[in-house]
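A quick write-up on the structure given underneath.
Index from 1, following the sequence.
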Amino acid sequence: MVVLRRSRAPRAAAVALFAIVLAACSSGTSPSATSSSGGGGGGTTVDVTLTEFKVEFSTMDIPAGPVTFNVTNGGSVVHEFVVFRTEDAEDALPTNDEGTEVVEDDSSLQSMGEVEDVDPGSSKSFDATLEPGNYVAICNVAGHYSSGMHIHFTVS
């Protein structure tokens with residue numbers, strides 16, 4: 001009787017090849033990288049952290065072009081994140097009569113995008129193409145803008 005044995009060489013070669021391909025596809029950068037260039041969309045990534053009652057950016061050096069805003073709610077209540085192109089000061093945006101929310105469709109504001117209902121501990125993102133100019137990012141949940149949740153940034 002002849003016993004045939006399968007060689008493990010083809011399986012080992014396949015595993016080694018998979019490991020090489022996986023390593024080659026890995027970028028080696030963390031998700032909190034603040035800038036990228038080249039293929040895969042390119043552009044700039046800005047990590048945004050929302051807390052009570054503050055908006056923080058990972059970088060204030062934002063060049064014109066495609067920008068991805070990765071927004072994380074590091075607070076304990078729901079927040080939202082809205083970006084406007086405007087010449088208004090960050091603390092002087094037009095608000096409703098009660099002063100609790102920014103009037104997003106005011107003619108002095110050009111909305112560049114937003115994410116709503118960012119629950120505590122969660123993250124959302126959006127892409128925008130920004131031209132050189134002045135911008136303000138806010139949380140427009142009632143009372144949050146007036147409590148200081150805004151930041152001015154310039155795109156060059």
Side-chain angles (χ1 to χ4, degrees), residues 17-156:
L17 180 60
F18 176 75
I20 292 169
V21 169
L22 185 62
C25 291
S26 174
S27 67
T29 60
S30 72
S32 63
T34 57
S35 180
S36 63
S37 60
T44 301
T45 299
V46 179
D47 294 323
V48 179
T49 303
L50 306 175
T51 56
E52 292 79 15
F53 288 95
K54 193 174 189 179
V55 178
E56 296 179 293
F57 281 12
S58 60
T59 182
M60 296 303 286
D61 183 22
I62 304 172
V67 178
T68 298
F69 291 96
N70 292 326
V71 182
T72 299
N73 183 346
S76 59
V77 299
V78 173
H79 292 294
E80 73 175 22
F81 179 74
V82 187
V83 175
F84 298 108
R85 184 170 184 188
T86 184
E87 292 301 319
D88 294 343
E90 70 179 274
D91 60 353
L93 300 183
T95 59
N96 61 10
D97 291 339
E98 297 80 26
T100 58
E101 294 180 69
V102 170
V103 178
E104 295 186 22
D105 60 357
D106 188 89
S107 62
S108 69
L109 305 175
Q110 179 185 357
S111 179
M112 304 309 297
E114 69 181 285
V115 290
E116 297 178 327
D117 302 324
V118 185
D119 291 323
S122 69
S123 298
K124 294 184 178 183
S125 65
F126 74 93
D127 298 321
T129 300
L130 304 182
E131 297 177 3
N134 293 305
Y135 294 82
V136 174
I138 69 167
C139 176
N140 208 21
V141 170
H144 291 200
Y145 170 75
S146 60
S147 295
M149 287 194 74
H150 46 77
I151 189 170
H152 170 267
F153 64 101
T154 302
V155 171
S156 53

Subject >> Test item: Val83 and Phe126 side chains (from C-beta on) under 4.5 Å apart, heavy atoms >> reply: yes
Original post:
Can you name the closest pair of heavy atoms from Met60 and His152 and give their distance?
Top reply: CE-O, 3.2 Å
**OP:** Quick one: pull up CD1 in Ile151 and CD in Glu56 and give me the separation to the nearest 0.5 Å.
**Re:** 8.0 Å
Original post:
Can you find a pair of side-chain heavy atoms, one from Ser58 and one from Thr45, that are under 4.5 Å apart?
Top reply: no
Subject >> Euclidean distance, Glu114 CD relative to Met112 CE, rounded to 0.5 Å >> reply: 12.5 Å
Original post:
Between Phe69 and Phe57, what is the ring plane arrangement, given parallel below 30°, perpendicular above 60°, and tilted in between?
Top reply: tilted
**OP:** For residues Val55 and Leu50, determine if any side-chain heavy atom of one lies less than 4.5 Å from a side-chain heavy atom of the other.
**Re:** yes
Subject >> Pair Phe153-Val46, side-chain contact (heavy atoms from CB on, under 4.5 Å): steps then yes or no >> reply: CA-CA 12 Å; Phe153 64 101; Val46 179; over 6 Å; no
**OP:** Side-chain contact test, heavy atoms from C-beta onward, threshold under 4.5 Å: evaluate it for Val155 versus Pro63 and give yes or no.
**Re:** no
**OP:** For residues Pro132 and Ala64, report the shortest heavy-atom separation together with the two atoms involved.
**Re:** CD-CB, 3.7 Å
Subject >> Reported CG-to-NE2 distance for the pair Asn140 and His150, which is rounded to 0.5 angstrom >> reply: 11.5 Å
Original post:
Between atom OH of Tyr145 and atom OG1 of Thr95, what is the distance when rounded to the nearest 0.5 Å?
Top reply: 7.5 Å
Subject >> Heavy-atom closest pair, residues Ala137 and Phe81 >> reply: CB-CE1, 3.5 Å
Original post:
About how many Å separate NE2 of His144 and CD1 of Ile138, when rounded to the nearest 0.5 Å?
Top reply: 11.5 Å
Original post:
Should we say atom NZ of Lys54 is surrounded by more than 12 heavy atoms from elsewhere, each under 6.0 Å from it?
Top reply: no
Subject >> Heavy-atom closest pair, residues Ser108 and Thr86 >> reply: O-OG1, 3.0 Å
Original post:
Just by distance, do the side chain of Thr72 and the backbone of Gly74 share a donor-acceptor pair under 3.5 Å?
Top reply: no
**OP:** With the side chain counted from C-beta on, respond yes when Leu93 and Leu109 share a heavy-atom pair under 4.5 Å apart, and no when they do not.
**Re:** yes
Subject >> Rounded distance (nearest 0.5 Å) linking atom NE2 of His79 with atom NZ of Lys124 >> reply: 13.0 Å
Subject >> For the student: nearest non-hydrogen atoms of Ser125 and Asn70, plus distance >> reply: CB-OD1, 3.2 Å
**OP:** Using the salt bridge (Lys or Arg N to Asp or Glu O under 4.0 Å) rule, collect all pairs that involve residues 98-107, keeping only residues at least two apart or in two chains.
**Re:** none
